[in-house]
Amino acid sequence: MDKQRDFVLRTIEERGVKFIRLWFTDVVGTLKSVAIAPAEVEGAFTEGLGFDGSAIEGLTRTYESDLLAHPDPSTFQILPWRGDVDPTARMFCDISTPDGAPAVADPRNVLKRTLAKAADRGFTFYTHPEIEFYLLKSSKYGKNGPIPVDSAGYFDNVPGGTAHDFRRSSVRMLEDLGISVEFSHHEAGPGQNEIDLRYADALTTADNIMTFRTVIKEVAIEQGVYATFMPKPFSDHPGSGMHTHLSLFEGDANAFYEPGAQYQLSKTGRHFIAGLLKHAPEITAVTNQFVNSYKRLWGGDEAPSFVCWGHNNRSALIRVPLYKPNKGQSARIEYRAIDSAANPYLSFSLMLAAGLKGIEEEYELPEEAEDNVWSLSDTERRALGYAQLPASLDHAIQYMEESELVAETLGEQVFNYVLLNKRKEWREYRNQVTPFELRNNLEIL
């Protein structure tokens, strides 16, 4: 740690860095930032930077509002979009109370706690997200809704198109920040794009996702367009998911890989999937945290609506990708419900906790889904035992309220705040009278 701190202090001096942004995330997943001068960095390392936690969404209670932000020197990066004028860097922070204890409501700490539980069992948790988003001409919209920057489709090559330049600039900027990109392409919706980050340990990935969202927004502003991670901005086009590949390692060995087993999937992998399936409805209020998230989950277009798994089955909630010969280390599963607007720290915590529960209690993996689940009738799905994911945020809240797993993983304060925040959102949504109701009911009733 001292070497990392020395590297940061030396780099700040050598590169003439003028501002250092200290980043952390609130319970909803909004990035927070405070800028300090170079002279304050050493003090922030040794003592932390004090701030009023009660002013941050769900971070603390008013009567215990004083908190400290401790920058993590391993996350130091110079922000490329700031250029050479007043060079600016950033570091992610861990949040503590004045007595030095980790703040119970810091999402980064929630994930660290869960990763520590996995480590106690000998596991390291890796994640690899495929992040979708829409590029729009503006954040403003008229009666016909938002306007995408193009009308292209899946994998389309659009000569001279905005999306090409956008993705190229974004990928270059991400690489400058030390975030490896696996590939990028146009997605199925007009103006919809996907950029896949290379797999990393879950804490690094969560930090990378928070950085990714900022990079995408900054590049969009630079190019005169607007980027949104809203799960379903268009009723007639696909929503934006964040399909996430998950794997557990024991040392250098992939715990999901077993040569000769069906799909080369080990007992550990099968129990992990069973845990995710069993607890999926309970964690959905976090992995799909907005009213709009359920428009994606139940809007078709390859979004999963039912709790089942399948080998390379894109209609299932959990997909076991095709095994590549001699690539045992890449054995993984793909969780397809989570969307691009989720808080990655809390979502990864719950996905890991659900999988670990399946391993600990040796949950039995149900039969795989071999058919296209969307094409089955409700009666057929019931007969096959495919439960529904929550159909609305209200439905998801009801599952979460009863979940011991979610309460234990998030901790009492985060658990209660997420419920409070989501109930408020649902109440405000429910109280609306929408254009749909006026259009269909006003004249005939």
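Since the structure is predicted, the reported quantities are computational estimates derived from the model, not experimental observations.
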S.K.: Could Glu130 and Arg336 be called an ion pair, given the rule that one side-chain N must be under 4.0 Å from one carboxylate O?
M.R.: no
S.K.: Quick one: does His128's side chain have a donor or acceptor within less than 3.5 Å of a partner on Leu197's backbone?
M.R.: yes
S.K.: Can you confirm whether more than 12 heavy atoms, excluding those of Lys137, are under 6.0 Å from its NZ atom?
M.R.: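 Open.
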S.K.: How far does CG of Asp72 sit from CG of Leu22, to the nearest 0.5 angstrom?
M.R.: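 Asp72 atom CG to Leu22 atom CG measures 11.5 Å (nearest 0.5 Å).
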S.K.: Rounded to the nearest 0.5 Å, what's the gap from CD1 on Ile78 to CG on Asp176? Could you check?
M.R.: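 It is 10.5 Å, given to the nearest 0.5 Å.
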S.K.: Report yes or no: do His279 and Tyr363 form a side-chain donor-acceptor pair below 3.5 Å?
M.R.: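 Side-chain D/A pair, His279 to Tyr363: present.
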S.K.: Is the backbone of Gly191 close enough, under 3.5 Å, to the side chain of Asp150 for a donor and an acceptor to pair up by distance?
M.R.: yes
S.K.: Around Tyr199, counting heavy atoms of other residues, nucleotides and ligands shown, do more than 12 lie under 6.0 Å from its OH?
M.R.: no
S.K.: Does the ring center of Phe24 lie less than 6.0 Å from the ring center of Phe92?
M.R.: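 Not close enough - the centres of the two rings lie 6.0 Å or further apart.
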S.K.: Under the ring pair (Phe, Tyr, Trp, His ring centres under 6.0 Å) criterion, do Phe234 and Tyr134 qualify, and how do the steps go?
M.R.: CA-CA 10 Å; Phe234 299 99; Tyr134 271 92; 5.1 Å; yes
S.K.: Is a side-chain N or O of Thr97 found less than 3.5 angstrom from the main chain of Ala101, in a donor-acceptor match?
M.R.: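 At least one qualifying donor-acceptor pair exists.
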S.K.: Counting N and O atoms only, with roles assigned by atom type, does the side chain of Asp207 sit under 3.5 Å from a partner on the main chain of Thr75, one being a donor and the other an acceptor?
M.R.: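 Flag not set: sc Asp207 to bb Thr75 has no pair under 3.5 Å.
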S.K.: Aromatic rings Phe272 and Phe125: how do their planes relate, parallel, tilted or perpendicular, breaks at 30° and 60°?
M.R.: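 Because their plane-to-plane angle lies in the 30° to 60° range, the rings of Phe272 and Phe125 count as tilted.
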S.K.: Is His311 reaching over with its side chain to a backbone N or O of Val320, donor-acceptor style, under 3.5 angstrom?
M.R.: yes
S.K.: I'd like to know if the side chain of Thr30 reaches the main chain of Asp26, judged simply by a donor and an acceptor atom lying under 3.5 Å from each other, with no hydrogens or angles considered.
M.R.: no
S.K.: Would you call Arg108 and Asp94 a salt bridge, using N to O less than 4.0 angstrom?
M.R.: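 Salt bridge flag = yes for Asp94 with Arg108.
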S.K.: Taking atom CD of Gln262 as the centre, does the number of heavy atoms from other residues, nucleotides or ligands within less than 6.0 Å exceed 12?
M.R.: yes
S.K.: Is a salt bridge present between Glu425 and Lys422, judged by a nitrogen-to-oxygen distance below 4.0 Å?
M.R.: yes
S.K.: With the threshold set at 4.0 Å, does a side-chain nitrogen-carboxylate oxygen contact exist between Arg121 and Glu360?
M.R.: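 A salt bridge is present here (some side-chain N lies under 4.0 Å from a carboxylate O).
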S.K.: Backbone N or O of Pro304 within a donor-acceptor pair of the Trp298 side chain at under 3.5 Å?
M.R.: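 Between the backbone of Pro304 and the side chain of Trp298 there is no qualifying donor-acceptor contact (under 3.5 Å).
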S.K.: Quick check against the 3.5 Å criterion: does Ser340 have a side-chain atom that pairs as donor or acceptor with the backbone of Gly241?
M.R.: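 Side chain of Ser340 to backbone of Gly241: a pair is present.
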S.K.: Does the Lys NZ or Arg CZ of Lys112 fall within the cation-pi geometry relative to Tyr345 - under 6.0 Å from the ring centre and within 45° of the axis?
M.R.: no
S.K.: More than 12 foreign heavy atoms under 6.0 Å from CD of Gln432: is that the case here?
M.R.: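 Check passes, neighbour count above 12.
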S.K.: Give a yes or no on whether a salt bridge exists between Arg430 and Glu428, defined as a side-chain N under 4.0 angstrom from a carboxylate O.
M.R.: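 No, no charged N to carboxylate O under 4.0 Å.
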S.K.: Quick check: does any side chain N or O of Ser293 sit under 3.5 Å from a backbone N or O of Phe290, one acting as donor and the other as acceptor?
M.R.: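 Pair found, side chain donor or acceptor close to backbone of Phe290.
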S.K.: Hey, is the main chain of Ile131 close enough, under 3.5 Å, to the side chain of Glu194 for a donor-acceptor pair?
M.R.: no
